[in-house]
**Student:** 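Before I ask anything, let me first share the structure, which is written out below as structure tokens.
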Amino acid sequence: MKLTTKRIIPRLIPLVGAIAFAIAGTAYAQEQTVIIGHVGPITGPNAHLGKDNENGARMAIEELNAKGLTIGGKKIKFTLDAEDDASDPKQATSVATKLVDAKVAAVIGHLNSGTTIPASKIYSDAGIPQISPSATNPKYTQQGFKTAFRDVANDAQLGAVLGKYAAVTLKGKNIAVIDDRTAYGQGVADEFAKGAKASGATIVATQYTNDKATDFNAILTSIKSKKPDIIFFGGMDAVGGPMLRQMKQLGLDSKFMGGDGICTGSLTGLAGDGLRDDQVVCAEAGGVTEAGKKGMDDFRAAYKKRFGIDVVYNAAYAYDATMTVADAMQKAKSVDPKKYLPELAKISHPGVTGLIAFDNKGDIKNGSLTLYTYKGGVRTEIAVVK
């Protein structure tokens with residue numbers, strides 16, 4: 001029987017509609033949402049540091065989505081699940097459990113060693129890779145977890161460099177040490193003391209405070225009687241800044257040293273008139289050599305354009321950590337943590353902060369350190385060392 005055009009078209013319309021629906025359904029099925037977790041303090045005295053790291057991770061997520069990556073045949077849309085641990089270990093483990101339940105593909109964080117270490121077991125048990133852009137206590141990567149990484153140098157290296165610098169370059173003979181009893185503060189202070197003593201200095205006083213303290217008159221008065229050339233503080237800028245103010249009030253003009261916790265752009269405001277030119281010497285875990293300065297300058301400019309403020313802390317390391325995870329996923333052709341974890345362990349990723357590659361513990365290989373002082377209220381680089 002001969003079919004007319006009028007009889008064929010009505011039959012084709014439902015068929016064409018079904019095909020179009022099937023194609024659309026297939027395209028939709030090919031898009032996959034991948035959740036990346038970020039954890040840091042967004043409330044409390046370290047909130048400015050946690051938000052800075054979060055911003056770095058967010059920049060990476062936005063850039064990855066702009067590229068329209070395809071992994072394992074699926075178009076990937078990354079989303080950032082940003083959580084607040086308030087620098088509190090108990091809150092950190094609660095947040096870690098929440099991220100595991102949310103089936104995140106990776107975690108960038110935490111910021112503090114005291115929160116990173118307890119949370120790391122939860123991620124390890126779930127098989128979720130974790131890269132901290134700022135936790136520097138050596139214990140973090142000494143637990144044997146295959147999921148734990150960091151893209152900054154640890155306290156053993158940072159403390160040793162600062163200790164030697166205090167004794168040899170600054171010629172400090174009598175040194176007082178204060179720490180805030182956190183995993184980070186105590187760890188970096190202990191390593192500093194080892195390095196200083198090994199280089200010939202004497203530790204004339206050891207004092208303790210906490211990460212929320214505001215009154216240091218008692219410990220500073222005790223230290224003043226020892227006439228130290230240098231005071232080293234293991235802790236964060238929110239405590240270090242007020243401590244510098246009170247040192248001035250007491251007429252204590254010793255050099256003031258610390259790790260990356262105090263080595264921030266915010267120290268100037270926190271210390272106020274307690275910050276004299278060249279008084280503070282601090283080290284930041286990380287730093288770029290001359291060859292990498294343009295890339296870092298470009299990152300800082302892009303950060304300021306995106307968020308309207310300058311980089312405060314380790315935003316570039318959070319950015320690199322996020323990009324490194326995405327690189328490992330692309331190499332494995334999978335966003336499944338079990339499949340891309342082996343690629344992450346052997347990654348060689350050219351980051352803004354330098355080459356990201358990990359040793360068998362998860363520490364960054366050949367981690368660099370940057371020594372700084374402050375002049376005219378501005379943080380000023382002294383040198384990048386390895």
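Note that these values count all heavy atoms, side chains included, but never hydrogens, waters or copies made by symmetry.
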**Student:** Considering residues at least two apart in sequence or located in another chain, which fulfil the ring-ring contact (aromatic ring centres under 6.0 Å, His included) criterion with Phe358?
**Tutor:** Phe149
**Student:** For Ile364 and Asp151, which heavy atoms make the closest approach, and how far apart are they?
**Tutor:** CD1-O, 3.5 Å
**Student:** How long is the gap from CG on Asp260 to OH on Tyr372, to the nearest 0.5 Å?
**Tutor:** 10.5 Å
**Student:** Starting from the C-alpha separation in whole Å, work towards a yes-or-no answer on side chain to side chain contact (heavy atoms under 4.5 Å, CB included) for Leu220 and Leu252.
**Tutor:** CA-CA 8 Å; Leu220 291 176; Leu252 190 51; 4.1 Å; yes
**Student:** Any side-chain heavy atom of Val239 within less than 4.5 Å of one from Asp180?
**Tutor:** no
**Student:** Could you check Val378 against Thr268 for side chain to side chain contact (heavy atoms under 4.5 Å, CB included), going step by step and ending with a plain yes or no?
**Tutor:** CA-CA 7 Å; Val378 177; Thr268 300; over 6 Å; no
**Student:** For the pair Arg306 and Glu63, find out whether any cationic side-chain nitrogen is under 4.0 Å from an anionic carboxylate oxygen.
**Tutor:** no
**Student:** More than 12 heavy atoms of other residues, nucleotides or ligands under 6.0 Å from NZ of Lys75: yes or no?
**Tutor:** no
**Student:** Could you check whether any side-chain heavy atom of Gln279 comes within less than 4.5 Å of a side-chain heavy atom of Leu244, counting everything from C-beta outward?
**Tutor:** yes
**Student:** What about Ile122 and Leu341, same hydrophobic cluster or not, with Ile/Leu/Val/Met/Phe/Trp/Tyr joined at side-chain heavy-atom distances under 4.5 Å?
**Tutor:** no
**Student:** With no hydrogens and no angle check, is any side-chain donor or acceptor of Lys226 less than 3.5 Å from a backbone partner on Ala176?
**Tutor:** no
**Student:** Measure the NZ-CD distance between Lys77 and Gln32 for me, rounded to the nearest 0.5 Å.
**Tutor:** 13.0 Å
**Student:** Check Gln143, His110, Lys139 against Ser120 for a side chain to side chain donor-acceptor pair (under 3.5 Å) and give me the one that passes.
**Tutor:** Gln143
**Student:** Between Ser134 and Asn53, is there a side-chain donor-acceptor contact under 3.5 Å, judged purely by atom types and distance?
**Tutor:** yes
**Student:** Which side-chain N or O atoms in residues 205-214 pair as donor and acceptor under 3.5 Å with protein atoms at least two apart or in another chain?
**Tutor:**
residue : atom : partner : partner atom : Å
Gln207  : NE2  : Ser222  : OG           : 3.4
Asn210  : OD1  : Lys212  : N            : 2.8
Asn210  : OD1  : Ala213  : N            : 2.9

**Student:** Kindly give the heavy-atom pair with the smallest separation between Pro133 and Asn314, and that separation in Å.
**Tutor:** O-ND2, 2.8 Å
**Student:** Do Gln91 side-chain atoms and Asp84 backbone N/O form a donor-acceptor pair below 3.5 Å?
**Tutor:** yes
**Student:** Quick check: do Tyr303 and Asp52 have side-chain heavy atoms less than 4.5 Å from each other?
**Tutor:** yes
**Student:** How far does NZ of Lys146 sit from NZ of Lys361, to the nearest 0.5 angstrom?
**Tutor:** 11.5 Å
**Student:** Group every Ile, Leu, Val, Met, Phe, Trp and Tyr by side-chain heavy-atom contacts under 4.5 Å, then state whether Ile36 and Val39 land in the same group.
**Tutor:** no
**Student:** Please find the pair of heavy atoms, one from Ala316 and one from Thr353, that lie closest to each other, and give the distance.
**Tutor:** CB-CG2, 3.8 Å
**Student:** Return each pair, listed once, that meets salt bridge (charged side-chain N to carboxylate O under 4.0 Å, His left out) where at least one residue sits in residues 101-121; pairs must be two or more places apart or across chains.
**Tutor:** Lys121-Asp125
**Student:** Does anything in residues 135-191 form a disulfide bond (SG atoms under 2.5 Å apart)? List the pairs, not counting sequence neighbours.
**Tutor:** none
**Student:** When you check the gap from the basic side-chain N to the acidic O, do Lys294 and Asp298 get nearer than 4.0 Å?
**Tutor:** yes
**Student:** Check which hydrophobic residues are tied to Tyr317 through side-chain heavy-atom contacts below 4.5 Å, counting indirect links as well, and list them.
**Tutor:** Val152
**Student:** Check whether any side-chain heavy atom of Asp215 lies under 4.5 Å from a side-chain heavy atom of Gln246, and answer yes or no.
**Tutor:** yes
**Student:** List the atom of Pro228, the atom of Ser254, and the distance in Å for their closest heavy-atom pair.
**Tutor:** O-OG, 2.8 Å
**Student:** Could you tell me whether the side chain of Thr182 reaches within less than 4.5 Å of the side chain of Asn112, counting heavy atoms only?
**Tutor:** no
**Student:** Taking side-chain hydrogen bond (donor to acceptor under 3.5 Å, both in side chains) as the cut-off, I'd like each qualifying pair that reaches into residues 336-352, sequence neighbours left out, listed once.
**Tutor:** Asp327-His349
**Student:** Checking Asp320 side chain against Val352 main chain: does a donor-acceptor pair fall under 3.5 Å?
**Tutor:** yes
**Student:** State plainly whether one hydrophobic cluster holds both Leu80 and Val104, where clusters connect Ile, Leu, Val, Met, Phe, Trp and Tyr through side-chain heavy atoms under 4.5 angstrom apart.
**Tutor:** no
**Student:** Rounded to the nearest 0.5 Å, what's the gap from CZ on Phe78 to CG on Leu69? Could you check?
**Tutor:** 5.5 Å
**Student:** Show me the pairs that pass side-chain hydrogen bond (donor to acceptor under 3.5 Å, both in side chains) and involve residues 168-179, at least two apart or across chains.
**Tutor:** Asp179-Arg181
**Student:** What's in the same ILVMFWY side-chain cluster as Tyr140, cut-off under 4.5 Å, chained through other members?
**Tutor:** Ile117
**Student:** Just wondering, do Phe256 and Met243 contact through their side chains at under 4.5 Å, heavy atoms?
**Tutor:** yes
**Student:** Please write out which residues are connected to Phe232 in a hydrophobic cluster, directly or through intermediates, given that two of Ile, Leu, Val, Met, Phe, Trp, Tyr count as joined at side-chain heavy-atom separations below 4.5 angstrom.
**Tutor:** Leu49, Leu111, Leu158, Val161, Leu162, Tyr165, Leu170, Ile175, Val177, Tyr184, Val188, Phe192, Ile203, Ile230, Met236, Met257, Val281, Val312, Tyr313, Leu369, Leu371, Ile382, Val385
**Student:** If hydrophobic residues (ILVMFWY) are linked whenever their side-chain heavy atoms come closer than 4.5 Å, directly or via other members, who joins Val204 in its cluster?
**Tutor:** none
**Student:** So, does Arg379 use its side chain to make a donor-acceptor pair with the main chain of Cys263 at under 3.5 Å?
**Tutor:** yes
**Student:** Going through the checks in order, is the side chain to side chain contact (heavy atoms under 4.5 Å, CB included) test met by Lys255 and Asp229?
**Tutor:** CA-CA 6 Å; Lys255 288 274 191 182; Asp229 305 308; over 6 Å; no
**Student:** So, Thr322 side chain and Ala318 main chain: donor-acceptor pair closer than 3.5 Å or not?
**Tutor:** yes
**Student:** With side chain to side chain contact (heavy atoms under 4.5 Å, CB included) as the criterion, how do Val335 and Ile76 come out once you've worked through the C-alpha distance, each side chain's angles and the decisive distance to 0.1 Å?
**Tutor:** CA-CA 9 Å; Val335 298; Ile76 300 300; 4.1 Å; yes
**Student:** What's the spacing between Lys248 NZ and Arg245 CZ if we round to 0.5 Å?
**Tutor:** 10.0 Å
**Student:** I want to check something: taking the side chain as every heavy atom from C-beta on, are Thr115 and Val95 in contact at a cut-off of under 4.5 Å?
**Tutor:** no
**Student:** Is any side-chain heavy atom of Leu344 closer than 4.5 Å to a side-chain heavy atom of Ile131?
**Tutor:** yes
**Student:** If two hydrophobic side chains count as joined below 4.5 Å and joins carry through other members, does Ile42 share a cluster with Phe307?
**Tutor:** no
**Student:** Can a donor-acceptor pair be found, under 3.5 Å and without considering hydrogens, that links the side chain of Asn154 to the backbone of Gln157?
**Tutor:** yes
**Student:** Return the minimal non-hydrogen interatomic distance between Ser199 and Ala167, and the atom names on each side.
**Tutor:** CB-CB, 3.6 Å
**Student:** Considering residues at least two apart in sequence or located in another chain, which fulfil the salt bridge (charged side-chain N to carboxylate O under 4.0 Å, His left out) criterion with Asp363?
**Tutor:** Arg150
**Student:** Show the nearest heavy-atom pair for residues Thr141 and Ala148, with the distance to one decimal.
**Tutor:** CG2-O, 4.3 Å
**Student:** Kindly determine whether Lys365 and Asp359 satisfy salt bridge (Lys or Arg N to Asp or Glu O under 4.0 Å), including the steps that lead there.
**Tutor:** CA-CA 6 Å; Lys365 292 180 180 177; Asp359 65 17; over 6 Å; no
**Student:** Report the residues that fulfil salt bridge (charged side-chain N to carboxylate O under 4.0 Å, His left out) with Asp278, sequence neighbours left out, ordered by chain and then residue number.
**Tutor:** Lys375
**Student:** With the 4.5 Å side-chain cut-off for hydrophobic clustering, are Tyr374 and Leu270 part of the same group?
**Tutor:** no
